[in-house]
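In what follows, a single structure is set out as structure tokens and then discussed.
Keep in mind that what you see is a predicted model, and the values were worked out from it rather than measured. Every number for a ligand or one of its atoms is a count from 1 in the order of the listing.
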Amino acid sequence: MKESLVVFAVLVSVIAWRNGLVAKNLFLTKAPLPPAYYSSGDYRSKCRIIDEEPQLKYCEDATFWDLKDSDGELQDRLLIVSCDPNRKAWNTVMGPMRDAIPRGALWVYDHKSDKVEHVSFEGYPAGHDFHPLGLEIWPSFAGNASNLFVVNHGRHNTTIEQFYMSPSKPNQATWVRTLTSKYFISPNSVALTSPTSFYVTNDHLMTRRLPSILGEVLPMTESLLGLPLGWVSHVSITPTSSGSLSTDIHHTFSAIGIPFANGAVLSHDGKTLAVASSSLGEVRFYARNSATNALSLTSRVPLPFAADNIMFDDEGALIVAGHPHFPSLIAVSKNKTDAAAPSWVTALKPRQLYLKHPETGAHLALKTPSPDFDMQAPLSVSKRVPPARSHEVETLYQSDGSHFPNSCTSLRDSRSGVLYVFGLYTEGILACKP
Ligand SMILES: *[C@@H]1O[C@H](CO)[C@@H](O)[C@H](O)[C@H]1NC(C)=O
Ligand SMILES: *[C@@H]1O[C@H](CO)[C@@H](O)[C@H](O)[C@H]1NC(C)=O
Ligand SMILES: *[C@@H]1O[C@H](CO)[C@@H](O)[C@H](O)[C@H]1NC(C)=O
């Protein structure tokens, strides 16, 4: 008892030392969030939980599959979701690592028919684990097949599975190959740069795969101290001969020194990569050189939660979901009775930083953003973090965990206006109408 108090006191002081505000928001205090809030109206009438399929639960990531015509015009849009009902027995990021056998699954949801279907695998190797985290699929053009990449934290190492999916059979994925690399220490999220290349985040350098006590202590230390040991790589593949399963992988480090690098997403023009840093409670924006895939940091936006997965909507707003109270999420991952972690989803919109003088054409810097922002939300972001110069931040959804807990991903379809939210240890999908 005494020892654990000492350990606790040491941890608290180290956390306070590294960054008082982040530690306070993410680890030490539980934000006074409402049962639920949705920015576009009453959540009781606007939001519902799609939960007809009992196995559609514990979903870590989701992505839109855009079906375009030969001119690149969007014709239709499906939602692909990665879920793992076995997460409480196998989670290489948060633990435990007890039973890797029951596989996770992919699901496809069609908004038009309001139907969700299990995606069956063609050719997936028998005995190969499947515990999906981040996933992304290239759009389909004029009905052609799309490459899908899924991070898979299997029992020996974390790999990236390549599949292809065809719009004529959207509830089927054909396995192509498993990508492995000595640099895939703990891949988490992928952001495609072409049908055969992508950025991938590595959330930790010290993982739970380390032997015995090291695997318990070091990853948690890396998270709690916000140690800058995560990174983003760029990977491109070239099949060595057509039809062959063997592949050359070209790997480069694109951005290093990111504490708990989690979600990553490329902007629609391909010029910006956004990366969530969970243990620092922020999103980093990088300018991307599309010829070399090199990245350079342009801005950092503080958030009052551990940012998890992120996506750009059609208007270019970055939708960020995350965890406002990390200890609650740990309790959920340990299967504590009645544990539920709160949810928070925000939209980040680039701010206009300069005005052009109407006569001289000179650039005038706009004044510092107001510290009172996001004032519609019951608990406004501005109560917990200062404004960012580069982006406005607005709350889209928040909950103390009693309505839709453990938010880790959110997507907004600007065509239908629907906001989707997914929870790491939550049953079903939250869908809120505009
Ligand atoms: C979690 O706890 C419930 C009972 O509260 C139990 O039925 C279930 O098997 C537990 N899950 C794991 C993975 O331990
Ligand atoms: C589908 O077509 C697009 C556009 O022509 C192309 O970029 C993509 O590589 C094609 N996908 C496949 C799997 O052939
Ligand atoms: C990772 O595990 C796979 C089997 O799942 C194996 O084929 C591959 O060689 C391993 N990669 C590394 C880098 O250890």
For this session: Examine the side chains of E161 and T178 and answer whether a donor and an acceptor come within less than 3.5 Å of each other.
Result: yes

Seminar exercise, completed: For atom 2 (O) of ligand 2, the closest protein heavy atom turns out to be N144 ND2, 2.3 Å

Exercise. Quick one: nearest non-hydrogen protein atom to atom 13 (C) of ligand 2, plus distance?
Worked result: A145 O, 3.2 Å

For this session: State whether K88 and D99 are salt-bridged, where the test is any N-O pair (Lys NZ or Arg NE/NH1/NH2 against Asp/Glu carboxylate O) under 4.0 Å.
Result: no

For this session: Check whether the side chains of H204 and S223 place a donor and an acceptor atom closer than 3.5 Å, and report yes or no.
Result: yes

Exercise. Around Y37, counting heavy atoms of other residues, nucleotides and ligands shown, do more than 12 lie under 6.0 Å from its OH?
Worked result: yes

Exercise. Taking only heavy atoms of K88, which atoms of ligand 1 are found under 4.0 Å from at least one of them?
Worked result: 13 (C)

Seminar exercise, completed: Looking only at protein heavy atoms, what sits closest to atom 14 (O) of ligand 1 is R98 NH2, 3.0 Å

Problem set entry | Check ion pair K57-D51 (N to O, under 4.0 angstrom) | no

Exercise. Less than 4.0 Å between a side-chain N and a carboxylate O, is that true for R77 and D314?
Worked result: yes

Exercise. Does the protein put a heavy atom under 4.0 Å from atom 11 (N) of ligand 1?
Worked result: yes

Seminar exercise, completed: atom 9 (O) of ligand 2 has as its nearest protein heavy atom P195 CG, 3.7 Å

For this session: Could you find the nearest protein heavy atom to atom 7 (O) of ligand 2 and give me its residue, atom name and distance?
Result: W138 NE1, 4.2 Å

Problem set entry | Option nearest atom 3 (C) of ligand 1 (shortest heavy-atom distance, choices D99, N86, N335) | N335

